[in-house]
Protein chains: 4
Amino acid sequence: MQMHFDIVPGSPVPIYRQIVEQLRRQVAGGQCQPGDELPSVRALALQHAINPMTVSKAYSLLEAEGLLERRRGVGMAVAATRHRTDAPTPTQLLRPTLREAAQQARELGLDASTALSLFAQCLQDAMPDERQDPGSPSA
Amino acid sequence: MQMHFDIVPGSPVPIYRQIVEQLRRQVAGGQCQPGDELPSVRALALQHAINPMTVSKAYSLLEAEGLLERRRGVGMAVAATRHRTDAPTPTQLLRPTLREAAQQARELGLDASTALSLFAQCLQDAMPDERQDPGSPSA
Amino acid sequence: MQMHFDIVPGSPVPIYRQIVEQLRRQVAGGQCQPGDELPSVRALALQHAINPMTVSKAYSLLEAEGLLERRRGVGMAVAATRHRTDAPTPTQLLRPTLREAAQQARELGLDASTALSLFAQCLQDAMPDERQDPGSPSA
Amino acid sequence: MQMHFDIVPGSPVPIYRQIVEQLRRQVAGGQCQPGDELPSVRALALQHAINPMTVSKAYSLLEAEGLLERRRGVGMAVAATRHRTDAPTPTQLLRPTLREAAQQARELGLDASTALSLFAQCLQDAMPDERQDPGSPSA
DNA sequence: GTGGTCTAGACCACG
DNA sequence: GTGGTCTAGACCACA
């Protein structure tokens, strides 16, 4: 599968962190399988018109985390699962964001049902082609 | 109503921004009415053991935004709505966070129903006492 | 074009505000084009012998206003017009000052023609080299 | 003649200063004659819903300046001219404001004729009933 | 009492 | 290199 990253240069979240977190999620969700190769630092940098050092920093963090492994002369690839002792599940990764959203909803005086239906809209927008595919395990 | 702020000193989001965003939401949600007076810079700084300038920075930004107005010699108060060009609704303020969450859910390979039920849990945790009176949950 | 600021340290108008207002006017007047880079915080602070935080405060306000945008690792630049909700015209920015002056003239019992000729003098003093090329008066 | 003040509580210029400067101008322009009595501190404060201390501060400054004199048991009145050695003329008082406006016009890239016609508009708005009354001497 | 401004200096995050 | 954040402390302006 071809690795893909959504990079938003103007975002408040730093670029290297966008890369790190997106890859974490894709691995946790099974979109990336062990052995999948990543685009080279230079290629990714060129593609998104960002600094190669930024890409390199992201890759290094992911390698230190055990999610990526460096293959001499070839590039980076998704590491085998055994290298990662603590593989977070998709729900573990999503929960902090949702907790923050729930807290905001409370401060905004919204009730739960309003917030839920708003989230349902956003989910539809984000997954236009989803049917009832239970492809990934919900921990 | 007595103004209240949840300050998390170690958070990645800067303190002054926590204040700014919480007050934005409280105003949008109607928890703060125009004319409500805010705690003084010094009081809020003492209460949370932070530097007065940090509080002052938050207040100044909110004043520049038109959400607060300075009453010289008295303090700051929530500004009348007419001073604000665009009064965002609670829904408008929550949507970006939920969109981000939906995007993450997609990257994690979670389906919509899983994400929704996870969010429902978070909402219950955030609003422990909500029943059919969403107006003023007494802490 | 090289960005330039006239800073008067002893003025009743605070330094950070001098920067903010001058840049607002230069942008409104087209002296600054979108994409133009600003002097770095440290450089401007050194040049005028003021504290970097003072410059930073001005830049931050202008960014919050949508007039400037941060380019991480590079510096600040004049933002594209679309980032600004309302781009005030030079006339709109000058009118409040002139209204104030007219009000003062009235209180002083001066008639319109006297006030106008006085203003004409001031304009000549302020624009010594203006002829029929209002576009780029070379200093 | 009945003394009148335009007080704008939300203005950036402090209230006491609004009073001081308006009276300076009215005296310089001859709108106030020596002997004219001022409203009492309490009356002015009540009328504009401001703090009596603010009015008092303004009156004290004007007394120190020699523009007002305190009449025991009666109140303040415009002082005789002989108490003021340096009576500024109307044009002297207006020029700083116009110089500032001219400077702003330059920064805005406006040419002199545009600025002048804009000022002419403002003058008309400020003096709706003026004909060709040369009542006050232009120094 | 209120907030505002500025300074000096430290430390961090980003590219 | 860039800007951001926070602190500590001083001094001022306003009501």
Side-chain angles (χ1 to χ4, degrees), chain A residues 7 9 11-19 45 48-58 61, chain B residues 7 9-18 37-45 48-60 62-64 68-77, chain C residues 7 9-18 37-45 48-60 62-64 68-77, chain D residues 7 9 11-19 45 48-58 61:
Chain A
I7 302 300
S11 161
V13 35
I15 295 170
Y16 84 95
R17 191 168 282 272
Q18 296 182 36
I19 298 174
H48 294 97
I50 59 181
N51 195 318
M53 280 179 52
T54 306
V55 180
S56 179
K57 181 176 183 174
L61 283 174
Chain B
I7 303 299
S11 161
V13 37
I15 296 171
Y16 81 92
R17 192 165 282 274
Q18 295 181 37
E37 293 184 359
L38 278 89
S40 81
V41 166
R42 291 160 173 86
L44 197 54
H48 293 96
I50 56 180
N51 193 300
M53 269 203 67
T54 304
V55 180
S56 181
K57 183 175 183 176
Y59 281 11
S60 296
L62 287 163
E63 188 204 4
L68 298 185
E69 62 186 8
R70 269 217 311 271
R71 297 186 176 173
R72 276 181 304 204
V74 181
M76 312 285 292
Chain C
I7 303 299
S11 161
V13 36
I15 297 173
Y16 82 92
R17 192 164 282 275
Q18 296 182 36
E37 293 184 1
L38 278 88
S40 81
V41 165
R42 291 160 173 85
L44 197 54
H48 293 97
I50 58 181
N51 192 300
M53 270 203 67
T54 305
V55 180
S56 182
K57 183 174 184 177
Y59 281 10
S60 295
L62 287 163
E63 187 204 7
L68 297 186
E69 60 186 10
R70 269 220 309 274
R71 299 187 173 171
R72 276 180 305 204
V74 181
M76 312 285 293
Chain D
I7 303 299
S11 161
V13 35
I15 296 171
Y16 85 95
R17 191 168 281 273
Q18 294 182 36
I19 299 174
H48 294 97
I50 58 180
N51 195 316
M53 280 179 50
T54 307
V55 181
S56 180
K57 180 175 182 175
L61 283 173

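Note that the structure is predicted; figures quoted are calculated from it, not measured. A note on names: the letters A, B, ... follow the listed sequences, proteins ahead of strands, and every chain is numbered from 1.
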- Query: If each of C:Val13 and B:Pro39 is mapped to the nucleotide of DNA chain E with the nearest heavy atom, which maps nearer the 5' terminus, i.e. the 5' end?
  - Reply: B:Pro39
- Rounded distance (Å) that lies between atom P of F:dC6 and atom NE2 of B:His48: 14 Å
- Message: Which nucleotide, if any, forms a Watson-Crick or G-U wobble pair with F:dC14, using both distances under 3.5 Å?
- Response: E:dG1
- Message: Go through it in stages, so that I can follow the logic: the residues are B:Ile15 and B:His48, the test is side chain to side chain contact (heavy atoms under 4.5 Å, CB included), and I'd like the CA-CA distance, side-chain angles, deciding distance and then a yes or no.
- Response: CA-CA 10 Å; B:Ile15 296 171; B:His48 293 96; over 6 Å; no
- In whole angstroms, the gap separating P of E:dT2 from CE of B:Met76 amounts to 13 Å
- Query: Are any of the side-chain heavy atoms of B:Tyr59 and B:Pro39 separated by less than 4.5 Å?
  - Reply: yes
- Grab the CG-P distance between B:Leu62 and E:dG4 for me, whole Å please. 11 Å
- Any side-chain heavy-atom pair of C:Val74 and C:Glu37 under 4.5 Å: yes
- Query: Where the side chain of D:Asn51 is concerned, which of F:dA15, F:dT5, F:dT7 is the nearest nucleotide?
  - Reply: F:dA15
- Mind calculating the distance between CD1 (D:Ile19) and P (F:dC14) to the nearest angstrom? 12 Å
- Below 4.0 angstrom from OP1 or OP2 of E:dG3, is there any side-chain N or O of B:Ser56? no
- Here the distance between atom C1' of E:dG3 and atom CG of B:Leu44, to the nearest Å, is 13 Å
- Query: Counting only distance, no hydrogens or angles, is the base of F:dG3 paired donor-acceptor with the side chain of C:Arg42 under 3.5 Å?
  - Reply: yes
- Message: Taking the nucleotide of DNA chain F with the nearest heavy atom to each, does B:Met53 or D:Arg17 sit closer to the 5' end?
- Response: B:Met53
- What are the two closest heavy atoms between B:Arg72 and D:Pro14, and how far apart are they? NH1-CA, 3.3 Å
- Item | Sugar-phosphate only, base, or nothing, as touched by C:Ile15 at under 4.0 Å among non-hydrogen atoms | sugar-phosphate
- Message: Can you tell me which nucleotide in F:dG4, F:dT2, E:dC6 comes closest to the side chain of C:Tyr16?
- Response: E:dC6
- Task: Please answer whether the main-chain N or O of B:Ser60 pairs with a side-chain N or O of B:Arg70 as donor and acceptor at a distance below 3.5 Å.
- Result: no
- Rounded distance in Å - NZ (D:Lys57) to P (F:dC12): 13 Å
- Task: Could you tell me the separation between the CD atom of B:Glu63 and the P atom of E:dG3, rounded to a whole number of Å?
- Result: 11 Å
- Query: To the nearest angstrom, how far is B:Glu37 atom CD from E:dG1 atom P?
  - Reply: 16 Å
- Message: Counting only side-chain nitrogens and oxygens, does C:Arg72 get under 4.0 Å of the OP1 or OP2 atom of F:dT2?
- Response: no
- Query: Using a cut-off of less than 4.0 Å, is there contact between a side-chain N or O of B:Arg70 and OP1 or OP2 of E:dG4?
  - Reply: yes
- Task: Would you mind telling me which residue lines up with the more 5' stretch of DNA chain E, B:Leu38 or A:Pro9, judged by nearest nucleotide?
- Result: B:Leu38
- Message: If you compare every side-chain N and O of B:Tyr59 against the phosphate oxygens of E:dG3 (OP1, OP2), does one of them come in below 4.0 Å?
- Response: no
- Item | Contact summary for B:Ile50 and B:Leu44, nearest pair of heavy atoms | CG1-O, 4.4 Å
- Message: Both D:Thr54 and C:Val41 contact DNA chain F. Which one's nearest nucleotide lies toward the 5' end?
- Response: C:Val41
